[in-house]
Amino acid sequence: MITEQDTVNAILGDRRTMPPGDHGEAFAPANIALCKYWGKRNRTLNLPVNGSLSVSLGTLGTRTRLRPAERDTVTLNGALLPPNDPFCRRVGRFLDLFRVGDGGFAVETGNTVPTGAGLASSASGFAALTLALDTLFGWQLTPRERSILARLGSGSACRSVHSGFVEWYAGTRPDGMDSFAAPLADRWPGLRVGVITICDRPKPLGSREAMQRTVETSPLYGAWPNHAADGLAAVRRAIAARDFAAFGRAAEANAVAMHAVMLAAWPPVLYWQPETVSAMRRVWALRERGVSVYMTMDAGPNVKLLYQAADAATVRDGVGEHTAVAPFEEEAER
Ligand code: PMV
């Protein structure tokens, strides 16, 4: 069995024993999948069953600062976490892969998206941590290496090392060296992603567990890989053609199918709250009136809207208040 440490050693090679510098700092954006990653073919290495495609959220994400310390500490949004906090332990396990000697790291991390609210903050978190490690040690990782290392922290983190549209190639190799994300050349300045935050508390069931339960028990999971592959091709085609209706339809259909597959798991996995459903109905009602607005949802109750800049006011009136992101106009400085 290939371990995470094997992957790290294979990527870093001689760089594995380089001493850390004084500090490292990096930002990584959150990302919203337009075609979702749902199901792993290897749970240790976070290798996906299907490819996925996302859009990064510009300046919404995570900034992380790292320095060598006697022991590990994690400060999240200004508060020092207790060592037994689950997030702290997850970060510690990831850092174990990179330690030189038995020292620790002082990690200061700040999210500009609510933690655990289905806004993929673990994606931006592990991507920012990977990029900060790269600057701390001076490894000068290639984009592919950054993506593979971030994937070991959280699957969707491999997409958050890039901005804009990003595709994660599922790959077929058992060692996962062909499973990484790369940016698409296409840009879509008029695209808007709206985030309706229905609940910003951490979700009761994490995506890791929900994904595994779906793969193991949902009778509908067998249909997912083909549906996802078709959806991904449709999203890619629609982006290339700047066909917004085809783009929105493929993204929404993919999200709804993922939730249907989860709902058929046992025990059923349902992330939606009543407010999620009413937001969905408002999107559909607006579409009935001819407005080109679509939605997507991840492993959480929040609804993300997809629309074009010209429709911003109509969408706000019809669907309600939300955080609007212009992914191609707010690309952050690294
Ligand atoms: O990377 P994870 O384990 O947090 O899983 C992410 C799963 C979804 O957000 C639902 C889909 C995706 O592709 O981001």
Side-chain angles (χ1 to χ4, degrees), residues 27-37 50-61 112-113 118-120 123-124 127 143 147 156-169 180-196 228-258 279 283-284 286-287 290-298 302-319 322-334:
F27 169 82
N31 76 77
I32 299 295
L34 303 162
C35 183
K36 313 288 182 187
Y37 146 55
N50 60 287
S52 56
L53 198 154
S54 59
V55 62
S56 288
L57 294 189
T59 55
L60 281 191
T112 52
V113 294
L119 282 180
S124 56
S147 182
S156 55
C158 80
R159 298 186 310 240
S160 271
V161 299
H162 302 294
S163 50
F165 291 122
V166 181
E167 181 168 349
W168 176 6
Y169 307 108
F180 61 95
L184 267 61
D186 305 79
R187 299 171 52 80
W188 201 331
L191 176 69
R192 295 292 177 269
V193 179
V195 182
I196 306 181
D230 291 349
L232 197 150
V235 171
R236 224 198 277 112
R237 268 197 313 273
I239 291 172
R242 298 289 186 282
D243 180 341
F244 188 75
F247 171 82
R249 180 187 163 147
E252 183 172 312
N254 178 270
V256 174
M258 177 184 76
V283 169
W284 290 332
L286 211 51
R287 228 162 49 225
V291 183
S292 206
V293 54
Y294 296 84
M295 75 204 162
T296 180
M297 294 88 57
D298 291 305
N302 301 318
V303 173
K304 286 92 178 191
L305 307 169
L306 300 168
Y307 57 90
Q308 297 174 97
D311 294 321
T314 323
V315 170
R316 196 167 292 278
D317 284 351
V319 184
H322 58 268
T323 306
V325 183
F328 294 92
E329 291 179 4
E330 296 169 6
E331 281 171 48
E333 289 185 14
R334 303 269 154 154

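Keep in mind that the numbers below use all heavy atoms, side chains included, and drop hydrogens, waters and symmetry copies.
In this structure Arg192 satisfies the salt bridge (Lys or Arg N to Asp or Glu O under 4.0 Å) test together with Glu329, sequence neighbours excluded. For Asp311, there are no side chain to side chain donor-acceptor pair (under 3.5 Å) partners, not counting sequence neighbours. For the ring pair (Phe, Tyr, Trp, His ring centres under 6.0 Å) test, residues two or more places apart in sequence or in another chain that qualify with Phe247 are Trp188, Phe244. Applying the salt bridge (Lys or Arg N to Asp or Glu O under 4.0 Å) criterion to Asp186, with sequence neighbours excluded, gives Arg242. Residues meeting the side chain to side chain donor-acceptor pair (under 3.5 Å) test with Tyr307, sequence neighbours left out: His322.
Judged purely by distance below 3.5 Å, without hydrogens or angles, the side chains of Ser56 and Asn31 never pair a donor atom with an acceptor atom. Side-chain contact annotation: Lys36 with Thr296, donor-acceptor N/O pair under 3.5 Å present.
Rounding to the nearest 0.5 Å places CG of Asn50 at 6.5 Å from SG of Cys35. Once rounded to the nearest 0.5 Å, the distance linking OH of Tyr169 with OG of Ser147 reads 10.0 Å. Between atom CG of residue Leu306 and atom CG of residue Leu34 there is a gap of 6.0 Å, rounded to the nearest 0.5 Å.
The two residues Val303 and Ala279 come nearest to each other via the heavy atoms CG2-CB, 4.0 Å. Of all non-hydrogen atoms in Arg159 and Ser52, the two that sit nearest each other are NH1-OG, 2.8 Å. Ser160 and Ala127 make their closest contact through CB-CB, 3.6 Å (heavy atoms, listed as atom of the first residue, atom of the second, distance). The minimum heavy-atom distance between Ala30 and Ser124, with the atom names listed, is N-CB, 3.7 Å. The nearest pair of heavy atoms linking Val55 to Pro327 is CG2-CB, 3.7 Å. Of all heavy-atom pairs spanning Thr59 and Thr112, the tightest one is O-OG1, 3.4 Å.
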Salt bridge (Lys or Arg N to Asp or Glu O under 4.0 Å), that's the test. Do Lys304 and Asp298 meet it? Break it down for me. CA-CA 9 Å; Lys304 286 92 178 191; Asp298 291 305; 3.3 Å; yes

Steps toward side chain to side chain contact (heavy atoms under 4.5 Å, CB included) verdict (Val319, Met295): CA-CA 11 Å; Val319 184; Met295 75 204 162; over 6 Å; no

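Using a 4.5 Å heavy-atom threshold, the side chains of Asn302 and Met297 count as separate. When side chains are defined from C-beta on, Phe165 counts as touching Leu191, because their heavy atoms get closer than 4.5 Å. You'll find the side chain of Val293 stays beyond 4.5 Å of the side chain of Gln308, heavy atoms only. Contact of the Leu53 side chain with the Val166 side chain is not registered, since no non-hydrogen atoms from C-beta on lie closer than 4.5 Å. Side-chain contact between Ile196 and Leu305 is present, with heavy atoms from C-beta onward closer than 4.5 Å. Contact annotation: the side chain of Leu232 approaches that of Glu167 to within less than 4.5 Å [non-hydrogen atoms, C-beta and beyond]. The closest side-chain heavy-atom distance from Ile32 to Leu57 is below 4.5 Å.
The distance between the ring centers of Trp168 and Phe180 does not fall below 6.0 angstrom.
Listed by first then second residue, pairs satisfying salt bridge (Lys or Arg N to Asp or Glu O under 4.0 Å) with a partner in residues 249-258 read Glu252-Arg287, not counting sequence neighbours.
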